[in-house]
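Atoms within each ligand, like the ligands themselves, are counted from 1 in listed order.
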Amino acid sequence: MTSPWRTTVLTLFPEMFPGPLGVSLAGRALAMGVWSLEARDIRDSATDRHRSVDDTPAGGGPGMVLRADILAAAIDAAAVPPGRPRLLMSPRGRPLTQSRVAELAAGPGTLIVCGRFEGIDQRVIEARALEEVSIGDYVLSGGEIAAMALVDACVRLLPGVMGSAESASEESFSHSLLEYPQYTRPQAFEGRPIPEVLLSGDHAKVAAWRRAEAERLTRTRRPDLWAAHENAPKSTTKE
Ligand code: SAH
């Protein structure tokens, strides 16, 4: 068997892991050794008797900041191989996209630093060359849930994790379009039928309908994605 996709998470709350990553698709893959997870407690790198990891912000202001020296020691102690991207979950980061997720999933794994409090000292971000990644324009209380979102998105793309390899290439964002609507039985639900074309058995017509719906949804809901799609070089995907 090929070596697993490895992720090391640095957190003040290692007991949060694997959490939701331990069930369903990701959990089964974890149990099967397709990927591995090591949650390390940043506090283990504290040096004082109170095991403190944070201090007040230089320049004043509310809250506490994770200390650069403690976090750097925690990163160094994790001894992650240089090939693994070192990420910092951060609302200031580059917004996570499906294409970055696919790149990460294709690599050896990740190191993920989870912030807490007001964030972490800027100097450790620079000194350890952390790549700041955001999961959206809102603020969480800590990086753990963001890390779980990132890992979940990566793990489902690992070979053998999803039932059918096709479901990954069809779904939202794979062609910079949102996914078309899905239906299953019953044929009529509270008076709403399944669109007839989907029951026609005509694969070309089904594909054309899905394509048109994906385009309509993207155009109306996500003008930003639609503009990017329109400007992208015409794809040569086999469809
Ligand atoms: N004061 C900071 C927010 C700190 S929130 C600011 O305004 O930028 C505490 C921690 O939660 C952050 O260090 C980060 O690790 C995590 N976090 C919060 N929102 C996030 C988001 N949208 N994406 C990724 N991580 C986030």
* Asked: What do you think, any protein heavy atom under 4.0 angstrom from atom 7 (O) of ligand 1?
  ->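 No; the ligand atom in question lacks any protein heavy-atom contact below 4.0 Å.
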
* For ligand 1, find out whether one of its N or O atoms is nearer than 3.5 Å to an N or O atom of C114. =>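 It does not: no N or O of C114 is found under 3.5 Å from an N or O of ligand 1.
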
* To do: Kindly indicate whether the side chain of T7, heavy atoms from C-beta on, has any atom under 4.5 Å from the side chain of L150.
  =>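 No, every pair of side-chain atoms sits at 4.5 Å or beyond.
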
* Asked: Does ligand 1 have an atom under 4.0 Å from some heavy atom of S141?
  ->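 The answer is yes, since S141 has a heavy atom less than 4.0 Å from ligand 1.
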
* Any non-hydrogen atom of V113 lying under 4.0 Å from ligand 1? ->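 Outside the 4.0 Å threshold, so no.
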
Looking at [atom], what's its closest protein heavy atom, distance included?
atom	result
atom 13 (O) of ligand 1	G115 CA, 3.3 Å
atom 25 (N) of ligand 1	S90 N, 3.2 Å
atom 5 (S) of ligand 1	L140 O, 3.2 Å

* ligand 1-proximal atoms of V133, by part, heavy-atom distance under 4.0 Å ->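 Near ligand 1, V133 shows its backbone, while the atoms from C-beta on stay back.
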
* State which residues pass salt bridge (charged side-chain N to carboxylate O under 4.0 Å, His left out) with R6; sequence neighbours excluded, sorted by chain then number. =>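 R6: no salt bridge (charged side-chain N to carboxylate O under 4.0 Å, His left out) contacts found.
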
* **Check ion pair R216-E213 (N to O, under 4.0 angstrom)** =>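 Yes, charged N to carboxylate O under 4.0 Å.
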
* Asked: Picking from R84, R86, R40, what satisfies side chain to side chain donor-acceptor pair (under 3.5 Å) with T8?
  ->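 Of the listed options, the one satisfying the test is R84.
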
* Who are the side chain to side chain donor-acceptor pair (under 3.5 Å) partners of T56, not counting sequence neighbours? ->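 Partners of T56 under the side chain to side chain donor-acceptor pair (under 3.5 Å) test: none.
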
